[in-house]
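Shown next, in structure tokens, is the structure this report addresses.
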Amino acid sequence: MSGEPAVPRTPVRRGFEPLPEWVGPTTRLVHGARRPDWNAGAVVPPVYQTSTFHWPAEHSEATAHSRPYLYTRVENPTADVPAELIRQLEGGEAAKLFGSGMGAISATVLSLVQSGDEVVAAGGLYGGTTDLVTDLLPRIGVRARVLTDDEAAAPEARLGPTSRLVLLESPTNPCLRVHDIARWARACDAVGALLVVDNTFASPVNQNPLALGADLVVHSATKYLGGHSDLIAGALVGPRALVDRVDAKTYYGSSLDPFAAFLLARSLKTLALRVARQNANGAAVAAAAARHPAVARVHYPGRASPEEEALAARQMRGRGGVLALSLRGGAPAVERFVSRLRFAHIAASLGGVETLVSVPRLTSHRHMNDAELRAAGIDDGLVRLALGIEDTDDLVRDVTEALDALPPSPRAAPL
Ligand SMILES: Cc1ncc(COP(=O)(O)O)c(C=O)c1O
């Protein structure tokens with residue numbers, strides 16, 4: 001119609017209805033990203049499956065808060081929903097989602113370091129992150145230092161004047177060692193380095209690194225946050241100034257597809273319920289395995305030493321659903337144990353509703369030589385369980401019966 005604007009001129013209202021401070025995590029996850037007024041009243045936010053948005057000339061004058069959306073590689077209203085929920089749960093000022101955990105980690109590191117800097121990989125990091133640090137960074141003039149878990153116990157001795165960014169995971173994969181996030185934060189502050197914590201293995205239900213002094217938190221949202229082994233996503237949370245520095249580099253190109261964002265938003269509603277069950281399953285299976293004669297050692301957050309137990313009790317609210325067992329019978333025992341499990345899929349990854357079992361030596365850590373495997377605490381008998389939300393008694397029974405099926409080992413003397 002003549003005289004009518006071709007597109008609505010009403011500014012887009014960004015942001016969500018605020019919740020009271022006192023609400024618990026599940027209420028927050030269910031109600032923390034409401035804006036039914038501009039979703040046609042829909043209770044469930046829709047999938048904005050569009051690559052681009054109307055952008056008439058007058059939009060260039062809009063303020064940051066009412067600015068319309070531009071292009072889905074940069075931003076999308078569906079992705080804003082899970083970003084907001086993860087932001088609230090981690091207690092950060094801003095959050096940004098990516099097409100994968102590695103997308104989040106690589107965009108963060110590449111945006112924040114420059115030639116001449118040193119990046120420190122503290123303790124056992126995910127293989128892809130280690131590769132980024134040790135292979136890519138040196139090619140752009142950034143020095144890389146990779147610490148063992150034991151070296152990472154003394155952060156003050158590991159940093160220098162050129163240390164610019166520290167990457168830390170706690171608990172670690174696959175030996176579930178616990179690192180002192182607050183102590184690393186103080187050591188980083190002393191030299192002006194940024195502490196980036198990969199909180200994938202804990203989940204924001206069990207641990208909040210920002211509250212412990214970390215500068216940024218990253219996640220493979222593929223794991224607990226997605227929780228159903230059906231999406232790949234990554235997240236970054238922290239102060240607006242730092243998140244904006246990463247956000248500005250949208251040409252790195254790792255953005256979340258709107259449909260994956262929709263699945264992630266749906267899954268986050270049950271995150272706290274799922275993780276509570278996975279914490280219970282992890283504790284029960286770890287206790288049962290520790291009593292079994294076929295098991296030389298159980299790796300579970302806090303079990304490495306009394307100091308790590310005290311640290312885990314201080315910095316975590318729950319220990320998660322991932323554990324690793326060192327079987328006395330070595331590789332043959334691992335093969336037999338894995339084949340006897342009824343419920344576990346043999347697959348990499350963690351945090352989903354279904355239990356997965358993997359052999360780190362053959363999957364996530366297959367790039368390591370024998371010396372590196374030993375330094376990382378990975379022996380021939382190590383098998384990792386990423387427990388799902390199945391009934392606790394069923395998982396304990398399944399693991400116990402698979403262990404019972406192992407022949408008595410000649411090395412079965414108590415360690
Ligand atoms: C601790 C940790 N960080 C990051 C990643 C990478 O995440 P994604 O697979 O979503 O890229 C993984 C993947 O396994 C991981 O375990």
Side-chain angles (χ1 to χ4, degrees), residues 79 82-83 86 90 96-110 119 121-136 146 149 152 166-179 181 195-204 206-207 209 214 216-237 246 252-257 260-261 263-264 267-268 275 278 299 301 316 319-324 345 347-352 356-360 362-368 376 378 384-387:
I86 297 167
E90 283 292 12
K96 164 94 187 142
L97 295 187
F98 297 84
S100 67
M102 278 319 300
I105 294 166
S106 55
T108 301
V109 172
L110 293 176
V119 168
L125 292 184
Y126 172 62
T129 313
T130 307
D131 210 43
L132 171 81
V133 170
T134 56
D135 181 53
L136 176 64
V146 180
D149 280 322
V166 172
L167 283 159
L168 181 70
E169 280 179 35
S170 184
T172 61
N173 178 33
C175 291
L176 289 308
R177 297 288 301 272
V178 182
H179 290 303
I181 296 173
L195 177 60
V196 181
V197 175
D198 183 333
N199 205 25
T200 301
F201 267 63
S203 93
N206 285 335
Q207 175 173 281
L216 287 165
V217 175
V218 288
H219 279 280
S220 167
T222 312
K223 310 297 182 334
Y224 284 107
L225 303 180
H228 296 73
S229 308
D230 58 5
L231 63 87
I232 299 277
L236 168 70
V237 189
V246 181
Y252 292 156
S254 170
S255 53
L256 189 60
D257 176 77
L263 286 177
L264 181 56
S267 299
L268 282 166
V275 171
Q278 285 165 307
H299 306 265
M316 301 180 78
R319 310 288 171 95
V322 183
L323 72 157
H345 290 275
S349 203
L350 62 123
L356 304 180
V357 62
S358 67
V359 183
L362 305 178
T363 54
S364 51
H365 293 68
R366 66 187 179 285
H367 57 282
M368 287 185 169
I378 300 170
R384 191 187 83 178
L385 287 162
L387 304 176

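Every value quoted in this text rests on a predicted model; they were computed, and no experiment measured them. One-based numbering, in listed order, for ligands and for the atoms of each.
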4.5 Å side-chain heavy-atom contact, Val218 and Val197:
no
Please give me the minimum heavy-atom distance between Leu97 and Ala235, naming the atom from each residue.
CD2-CB, 3.6 Å
Min side-chain heavy-atom separation Ile105-Tyr126 under 4.5 Å:
no
Side chains of Asp198 and Leu168, heavy atoms from C-beta outward: is any pair under 4.5 Å?
no
Considering only heavy atoms from C-beta outward, does the side chain of His219 approach that of Pro204 to under 4.5 Å?
yes
Side-chain heavy atoms of Thr129 within contact of Met102, under 4.5 Å:
yes
Check each N or O atom of ligand 1 against all protein N or O atoms and list the pairs under 3.5 Å, with atom names and distances to 0.1 Å, one per line.
{"from": "ligand 1", "atom 1": "3 (N)", "to": "Asp198", "atom 2": "OD2", "distance (Å)": "2.6"}
{"from": "ligand 1", "atom 1": "7 (O)", "to": "Ser220", "atom 2": "OG", "distance (Å)": "3.0"}
{"from": "ligand 1", "atom 1": "10 (O)", "to": "Gly101", "atom 2": "N", "distance (Å)": "2.8"}
{"from": "ligand 1", "atom 1": "10 (O)", "to": "Ser220", "atom 2": "OG", "distance (Å)": "2.8"}
{"from": "ligand 1", "atom 1": "10 (O)", "to": "Thr222", "atom 2": "OG1", "distance (Å)": "2.6"}
{"from": "ligand 1", "atom 1": "11 (O)", "to": "Gly101", "atom 2": "N", "distance (Å)": "3.1"}
{"from": "ligand 1", "atom 1": "11 (O)", "to": "Met102", "atom 2": "N", "distance (Å)": "2.8"}
{"from": "ligand 1", "atom 1": "14 (O)", "to": "Lys223", "atom 2": "NZ", "distance (Å)": "2.7"}

